[in-house]
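Down below is the structure, laid out as structure tokens.
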Amino acid sequence: MEKLSPLQIERLKYQPKLPSSLSNGINSLEMTEGSATQSVRDQEQIQNLFKNTYGKPVVTFKTSSAVSSSEVRNVGVILSGGQAPGGHNVIAGLYDALKSANPANRLYGFLGGPSGIIDGKYVEFDDKFIDAYRNTGGFDIIGSGRTKLETEEQFQKSLEVCKKLNISAVVIIGGDDSNTNAALLAEWFVKNNTGIQVIGCPKTIDGDLKNDRIEISFGFDTATKTYAELIGNIQRDANSAKKYWHFIKIMGRSASHVALEAALQTQPNITLVSEEVEEKKMSLESIINYMCDIIVRRSNNGKNFGIAIIPEGLIEFIPEMKSMISNLNDIMASLESDPSFMSAPSMREKFDVVENRLEPSNAKVYNSLPALIKSQLLADRDPHGNVQVSKIETEKLLIEMITTRLNELKSLGDYTGKFSAQSHFFGYEGRCAFPSNFDADYCYSLGYNAFALINFGLTGYLSSVRNLTAPASEWIAGGVPLTMMMNMEKRHGEMKPVIQKALVKLDGPVFKQLEQNREDWAMNDRYLFPGAIQYFGPSSVCDLTTVTLQLEWSKTPANV
Ligand code: FBP
């Protein structure tokens with residue numbers, strides 16, 4: 001028998017909480033429909049592209065005294081995109097709901113992400129299989145992948161596989177790009193009268209799949225708590241040794257929600273927020289000056305140490321970089337299929353090709369970067385056309401530029417301190433942690449609720465569980481049409497319908513909390529030490545949600 005750690009053994013026994021509306025079971029539910037919806041932007045284009053699934057109402061579930069029976073259904077589930085803590089519980093919740101509705105129902109898991117449904121690679125779940133993964137982190141139950149589902153051929157193949165397994169609904173657990181896949185597949189299945197439904201579940205540690213109907217994506221809670229633990233530990237080390245500046249890049253591809261949340265939990269000396277950099281049109285030079293100012297002032301107070309938090313996506317928000325990267329993305333869309341470029345013998349030659357093709361102002365910016373960053377910017381785009389920012393070492397770029405600037409200040413007699421920096425990148429450390437109690441409960445509820453949406457015959461919906469700052473019993477279960485969250489954006493050089501990413505709002509309470517405190521945190525060490533996630537013990541520690549959720553939602557649960 002496989003050996004398990006003591007925590008593994010105890011976590012397998014944890015019974016996730018459900019909203020009370022779902023706790024009487026799938027066959028005792030009533031659905032309420034809101035009014036027709038619209039996409040967030042580009043309504044005409046989105047409606048045109050989603051003729052069959054556009055404009056559906058938001059729905060909410062409540063318990064019903066009438067008990068209905070449910071027809072036999074086979075469902076397929078896909079884990080898509082980056083790992084996020086709690087994915088296994090979404091599948092467990094879906095499985096339990098499906099079996100409680102009718103024990104003859106079957107759940108299939110497609111292997112390795114969306115490619116599993118195209119290639120017909122799958123497993124069938126049973127109790128023993130599911131029980132081994134309850135409340136565990138990771139996506140290893142069936143694996144994940146980033147294949148973009150968008151071509152007629154892929155849809156046809158998915159249909160054949162679903163027909164073979166008699167699958168009448170597919171659940172896609174993913175972020176904004178993966179749920180865009182879900183919306184496209186849902187529309188295609190309806191257009192072609194297949195009778196197959198598609199439901200999405202909001203996953204991503206990045207926390208950027210949210211809106212006024214989706215309070216947070218799952219995984220954000222556990223990942224930010226994991227990073228906050230690590231930052232707290234480093235703060236203790238910095239405060240003990242008093243000799244290093246720690247530059248910590250925090251994962252979160254585009255939006256800065258993860259970095260901001262981790263900062264609010266730990267109160268470091270510097271926190272950069274990409275959205276602010278963009279809004280204030282801060283150049284790379286002005287960011288360096290801002291950071292150097294704090295480093296010099298702390299040094300004048302005898303503190304040659306500190307903590308700086310850098311969001312992973314920063315580079316794409318610095319105006320001159322944004323323009324250069326967008327130009328570069330268009331160029332790379334053609335160069336990635338150019339064998340002479342791909343097999344160029346040296347990076348130097350690749351740099352030359354790229355510099356010649358970039359517009360002159362962008363070429364100048366590209367050329368000003370260290371070779372390491374230049375080559376990292378040429379790394380493969382992901383299947384959705386995004387630069388893989390996790391591979392760009394922004395923290396090292398900043399350290400290099402700050403060192404140069406501090407040396408200049410030294411030569412002018414404006415700085416007498418010592419600057420010694422350590423770089424860190426916290427990303428993969430947090431994506432597969434054991435889900436916190438919040439994520440374990442939230443994910444289980446999302447999966448359970450996904451089957452309720454299926455049972456009511458809906459398609460093109462995202463599973464939604466709201467009122468999350470209240471106890472789980474008071475959470476509100478329902479569904480939001482995927483098209484409601486969509487707009488048109490440029491991908492791989494072409495305009496495409498995509499789910500809009502939620503960025504940090506500079507006039508929102510979360511950023512304001514940082515803004516009001518950052519000068520104090522910069523100079524006076526107000527470090528907080530959150531410690532490791534607690535799974536057992538007082539509810540004040542174990543069931544704590546994030547600062548973001550508290551500030552954004554504690555007084556205003558989403559309206560139905
Ligand atoms: P999702 O949007 O798919 O959830 O992925 C998020 C993420 O963890 C980002 O924070 C990060 O930039 C990226 O995935 C890393 O991707 P990969 O796992 O392919 O290295």
Side-chain angles (χ1 to χ4, degrees), residues 1-18 74-100 103 105-117 119-146 165 171-174 201 203-205 218-219 221-223 225-227 229-230 251 426-448 450-451 531-537 542:
M1 197 170 131
E2 197 192 347
K3 189 162 184 269
L4 301 178
S5 72
L7 187 65
Q8 274 178 290
I9 294 166
E10 288 308 317
R11 281 314 270 172
L12 290 176
K13 297 180 202 158
Y14 178 75
Q15 180 52 53
K17 304 178 207 78
L18 273 177
N74 290 355
V75 174
V77 62
I78 298 171
L79 286 166
S80 179
Q83 283 70 253
H88 290 166
N89 267 26
V90 181
I91 298 181
L94 176 63
Y95 178 84
D96 289 352
L98 165 143
K99 290 288 180 190
S100 85
N105 288 344
R106 295 174 144 197
L107 181 64
Y108 294 97
F110 289 109
L111 300 175
S115 62
I117 193 172
D119 303 335
K121 299 210 168 113
Y122 61 89
V123 288
E124 185 182 345
F125 294 113
D126 58 18
D127 290 354
K128 194 167 165 237
F129 197 153
I130 292 285
D131 287 351
Y133 288 92
R134 289 182 191 269
N135 311 306
T136 55
F139 278 8
D140 42 321
I141 188 168
I142 46 174
S144 186
R146 291 195 185 276
L165 296 171
V171 175
I172 299 185
I173 302 169
C201 282
K203 168 236 74 169
T204 177
I205 63 154
F218 79 76
D221 187 89
T222 310
K225 285 173 179 160
T226 306
Y227 304 141
E229 180 205 349
L230 299 175
M251 199 174 244
F426 297 154
Y428 300 98
E429 294 81 349
R431 297 199 315 179
C432 285
F434 275 105
S436 60
N437 286 353
F438 173 84
D439 268 330
D441 299 345
Y442 181 40
C443 290
Y444 187 79
S445 302
L446 283 170
Y448 203 95
F451 188 73
I533 295 174
Q534 302 295 307
Y535 302 94
F536 306 98
C542 297

[Y] and [X], any side-chain heavy atoms less than 4.5 Å apart:
X      : Y      : answer
Leu165 : Phe110 : yes
Phe125 : Ile142 : yes
Asp127 : Tyr95  : yes
Glu10  : Phe536 : yes
Tyr14  : Asn437 : yes
Asn105 : Val75  : no
Ile172 : Pro114 : no
Pro85  : Ile205 : yes

So, [X] side chain and [Y] main chain: donor-acceptor pair closer than 3.5 Å or not?
X      : Y      : result
Asn135 : Arg11  : yes
Gln534 : Ala532 : yes
Asp441 : Lys17  : yes
Lys203 : Ser80  : yes
Ser144 : Gly82  : no
His88  : Asp140 : yes
Glu429 : Gly427 : yes

Original post:
Where does the angle between the aromatic ring planes of Tyr122 and Tyr108 fall among parallel (under 30°), tilted (30 to 60°) and perpendicular (over 60°)?
Top reply: perpendicular
Subject >> Charged N-O contact under 4.0 Å between Asp96 and Arg134 >> reply: yes
Original post:
So among Val123, Leu107, Ile91, which one has a side chain to side chain contact (heavy atoms under 4.5 Å, CB included) with Phe129?
Top reply: Val123
Subject >> Shortest non-hydrogen separation from Val90 to Phe218 and the atoms involved >> reply: CG2-CE2, 3.6 Å
Subject >> Which atom of Phe434 lies closest to which atom of Thr136, heavy atoms considered >> reply: CD2-CA, 4.3 Å
**OP:** Quick one: pull up OG1 in Thr204 and CD in Gln83 and give me the separation to the nearest 0.5 Å.
**Re:** 11.0 Å
**OP:** Report the residues that fulfil salt bridge (charged side-chain N to carboxylate O under 4.0 Å, His left out) with Lys99, sequence neighbours left out, ordered by chain and then residue number.
**Re:** none
Original post:
Do you see a donor-acceptor pair shorter than 3.5 Å between the side chains of Asn89 and Tyr442?
Top reply: no
**OP:** Please confirm whether Arg431 makes a cation-pi placement over Tyr428, using NZ or CZ under 6.0 Å from the six-membered ring centre and within 45° of the ring normal.
**Re:** no
